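First the structure, in the form of structure tokens, and then the observations on it.
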Protein chains: 2
Amino acid sequence: MNSFTEENYIKAIYKLIESEGDTISTNAIAEKMNTKAASVTDMLKKLFAKKLINYQKYQGVTLTAKGEKVALNIIRKHRLWEMFLVEKLDFKWDEVHDVAEQLEHINSDKLIEQIDKFLNFPKVDPHGDPIPDAKGKLNIPKSQLLSKFNKSDVCIMTGVVDHSAAFLQYLDKSGIALGNEIKIKDVVVFDRSLQITINKRNTLFISNDVAKNILVILKPQP
Amino acid sequence: MNSFTEENYIKAIYKLIESEGDTISTNAIAEKMNTKAASVTDMLKKLFAKKLINYQKYQGVTLTAKGEKVALNIIRKHRLWEMFLVEKLDFKWDEVHDVAEQLEHINSDKLIEQIDKFLNFPKVDPHGDPIPDAKGKLNIPKSQLLSKFNKSDVCIMTGVVDHSAAFLQYLDKSGIALGNEIKIKDVVVFDRSLQITINKRNTLFISNDVAKNILVILKPQP
DNA sequence: AATATTTTTTAGATTAGTCTAAAATATTAT
DNA sequence: ATAATATTTTAGACTAATCTAAAAAATATT
Ligand SMILES: [Mn+2]
Ligand SMILES: [Mn+2]
Ligand SMILES: [Mn+2]
Ligand SMILES: [Mn+2]
């Protein structure tokens, strides 16, 4: 169907649209794919010919409905495999991404449906990212950045922005994990660093840089 | 390390040596890989340069120790994945091969060691084929063809020669499965077809062609 | 509005893997 | 031992994906 490489381009375009908005430049894709603009242009022609993207010379790129469906299917596989690795094979959340990058290209509908079932149809992956369903429907959760909240707000951690191993390991070491209650004890006005209490137990300081990479929802009042 | 394609050539050469013996011809590889002799020659030069095969023009091919190690690692992954699919994801034994052909190329030592552990270190795959250990050591079981046995011998089924979905489905339909006791009730002299009894229950006829594709050991006397 | 800078595309090569057709070598038959 | 046949290798070409360098187009600056 689509080659390994085509799939990676489609996924990169999807992710760029998700974070940067509407139309995506050749250079942005080149940077994300660690390749050169000339290579991207070649691939854009091919993806356009396959009706996976909307593309006109010099005008940037969007995904067609068909392209978006392909992207969501790859993301579905990626996130289900990450969940499988963490839940069943004792991988840590900072170890799964590179293996999932390979596994997401395995082509077998039965395999991915059985993995989904085996995991009991999870809604989010180990980083709190939502898993598209088999039809490509994605439930976007309405989390916000922890850095947006104020003194004495109480939140529940739902996800991360930065997925790097370094950041995830920092959270582990600090005892900050998905589902934890995060209470803001204090906000330093100067640099917007935070003093927070995790699960009413340990209190620590985190920088604004860190707070901008933690996704939370306000704790629902019982 | 080695490309997807190189891995498939190495595996094909290993399998040919296993079944045909010592040195393998260019044409034999071409047939197994569904490609042309000219393409094989090109690849042989590359594998030789990587010291994975012993090769001299017109003289046929064998694997080096290094090449054999690579082959056994791919086979280990293939068979562990097949076991995983059958044991954990409810695949049938005739459905696993094509997916395992893809999964065998996933590159992650931790992944395959965890799968092995998750399956509780199986010794054989769903077709009774032995699984090489992490060091590439393979326990070759001393099974024989059911067609070699005689009237009133009692055997235990340990494997199959033909791995095709058609043959495996035929065995399912006939109620013949790994581990079953097969007693030879009668041998037709004319065509060496057999009347057999499975697990002391149902009796049926199988052709010599079928018997030549079923691996067994003599039932150990208690 | 004209010029400078940045972005994007084209042109032309390169590498991995494949193919067909032709040449070289090995094997088999006479 | 020669000739016929089969096998294997080489030569040259193709596709997918990549690259560098140059040209074209768009954008920003004066
Ligand atoms: Mn990931
Ligand atoms: Mn990928
Ligand atoms: Mn198999
Ligand atoms: Mn394979």
Side-chain angles (χ1 to χ4, degrees), chain A residues 1-14 16-17 19-63 67 70-71 74 101-102 104-105 107, chain B residues 1-14 16-17 19-63 67 70-71 74 101-102 104-105 107:
Chain A
M1 201 71 234
N2 305 307
S3 74
F4 192 101
T5 310
E6 288 165 344
E7 286 191 356
N8 283 338
Y9 271 92
I10 291 282
K11 192 174 66 145
I13 294 166
Y14 179 93
L16 286 166
I17 290 172
S19 61
E20 316 288 312
D22 53 340
T23 74
I24 298 304
S25 72
T26 301
N27 268 351
I29 298 168
E31 192 179 357
K32 179 138 235 171
M33 296 286 297
N34 285 307
T35 180
K36 296 301 157 74
S39 309
V40 173
T41 300
D42 284 347
M43 181 56 77
L44 294 183
K45 288 176 188 168
K46 201 191 315 183
L47 296 177
F48 178 73
K50 292 178 101 171
K51 299 192 197 300
L52 292 164
I53 60 172
N54 303 116
Y55 169 63
Q56 287 187 97
K57 272 192 192 184
Y58 298 102
Q59 299 311 128
V61 172
T62 60
L63 288 176
V70 170
I74 302 165
E101 274 303 298
Q102 298 180 60
E104 71 187 6
H105 301 288
N107 177 21
Chain B
M1 201 76 232
N2 304 304
S3 73
F4 193 102
T5 310
E6 287 165 344
E7 287 191 355
N8 283 337
Y9 272 92
I10 292 283
K11 193 175 66 148
I13 294 166
Y14 179 92
L16 286 165
I17 291 172
S19 62
E20 317 289 311
D22 54 339
T23 74
I24 298 304
S25 71
T26 301
N27 267 352
I29 298 168
E31 190 178 359
K32 179 139 237 171
M33 297 286 297
N34 284 308
T35 181
K36 297 301 156 74
S39 309
V40 173
T41 300
D42 285 346
M43 181 56 78
L44 294 182
K45 288 177 187 167
K46 200 190 316 183
L47 296 177
F48 178 72
K50 293 179 99 170
K51 299 191 198 302
L52 292 163
I53 60 172
N54 304 117
Y55 168 63
Q56 287 187 93
K57 270 191 194 186
Y58 298 101
Q59 299 313 128
V61 172
T62 60
L63 288 175
V70 171
I74 303 164
E101 275 302 299
Q102 298 180 60
E104 72 187 6
H105 301 288
N107 177 21

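Order of the sequence lines sets the chain letters (A, B, ...), proteins ahead of strands, with each chain counted from 1. Predicted model, so just to flag it, every value in this text is computed and none were measured.
Looking at heavy atoms from C-beta onward, A/Ile13 lies in side-chain contact with A/Val61 at the 4.5 angstrom threshold. Side-chain atoms of A/Glu104 and A/Asn8, non-hydrogen and from C-beta on, do get closer than 4.5 Å to each other. Within the 4.5 Å cutoff, no side-chain heavy atoms of B/Asn27 are placed close to those of B/Glu31. Contact check for A/His105 versus A/Lys11: no side-chain heavy atoms found under the 4.5 Å cut-off. The shortest side-chain heavy-atom distance between A/Met33 and A/Val40 does not fall under the 4.5 Å cut-off. You'll find the side chain of A/Tyr55 reaches within 4.5 Å of the side chain of A/Thr41, heavy atoms only. In this structure, the side chains of B/Leu52 and B/Val70 come closer than 4.5 Å at one or more pairs of heavy atoms. In this structure the side chain of A/Lys50 reaches within 4.5 angstrom of the side chain of A/Glu6, judged on heavy atoms.
Proximity of B/Thr41 to the phosphate of D/dT9: a side-chain N or O atom is located under 4.0 Å from OP1 or OP2.
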Steps toward side-chain contact (heavy atoms from CB on, under 4.5 Å) verdict (B/Asn107, B/Phe4): CA-CA 10 Å; B/Asn107 177 21; B/Phe4 193 102; over 6 Å; no
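Distance, A/Asp42 CG to C/dA13 C1': 13 Å, rounded to whole Å. Atom-to-atom, CG of B/Leu44 to P of D/dT7 comes out at 16 Å; the value is rounded to the nearest Å. For B/Lys50 and C/dT15, the NZ to P distance is 16 Å, given to the nearest whole Å. Atom pair A/Leu47:CG and D/dA16:C1' shows a separation of 13 Å (rounding to whole Å applied).
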Pick out the pairs of N or O atoms, protein on one side and nucleotides 25-28 of chain C on the other, that lie under 3.5 Å.
residue	atom	partner	partner atom	Å
C/dT25	O4'	B/Tyr58	OH	3.4

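For A/Glu101, the CD atom is densely surrounded, since the number of other residues' heavy atoms within 6.0 Å is greater than 12.
Annotation: proximity of residues 3-14 of chain A to DNA chain C (heavy atom, distance under 4.0 Å) is found for no residue. Residues from residues 23-38 of chain A placing a heavy atom under 4.0 Å of any atom in DNA chain D, listed by number, are A/Thr35, A/Lys36, A/Ala38.
For D/dT29, the paired base is C/dA2 (Watson-Crick or G-U wobble, both distances below 3.5 Å).
The shortest heavy-atom contact between A/Thr35 and A/Tyr9 is CG2-OH, 3.7 Å.
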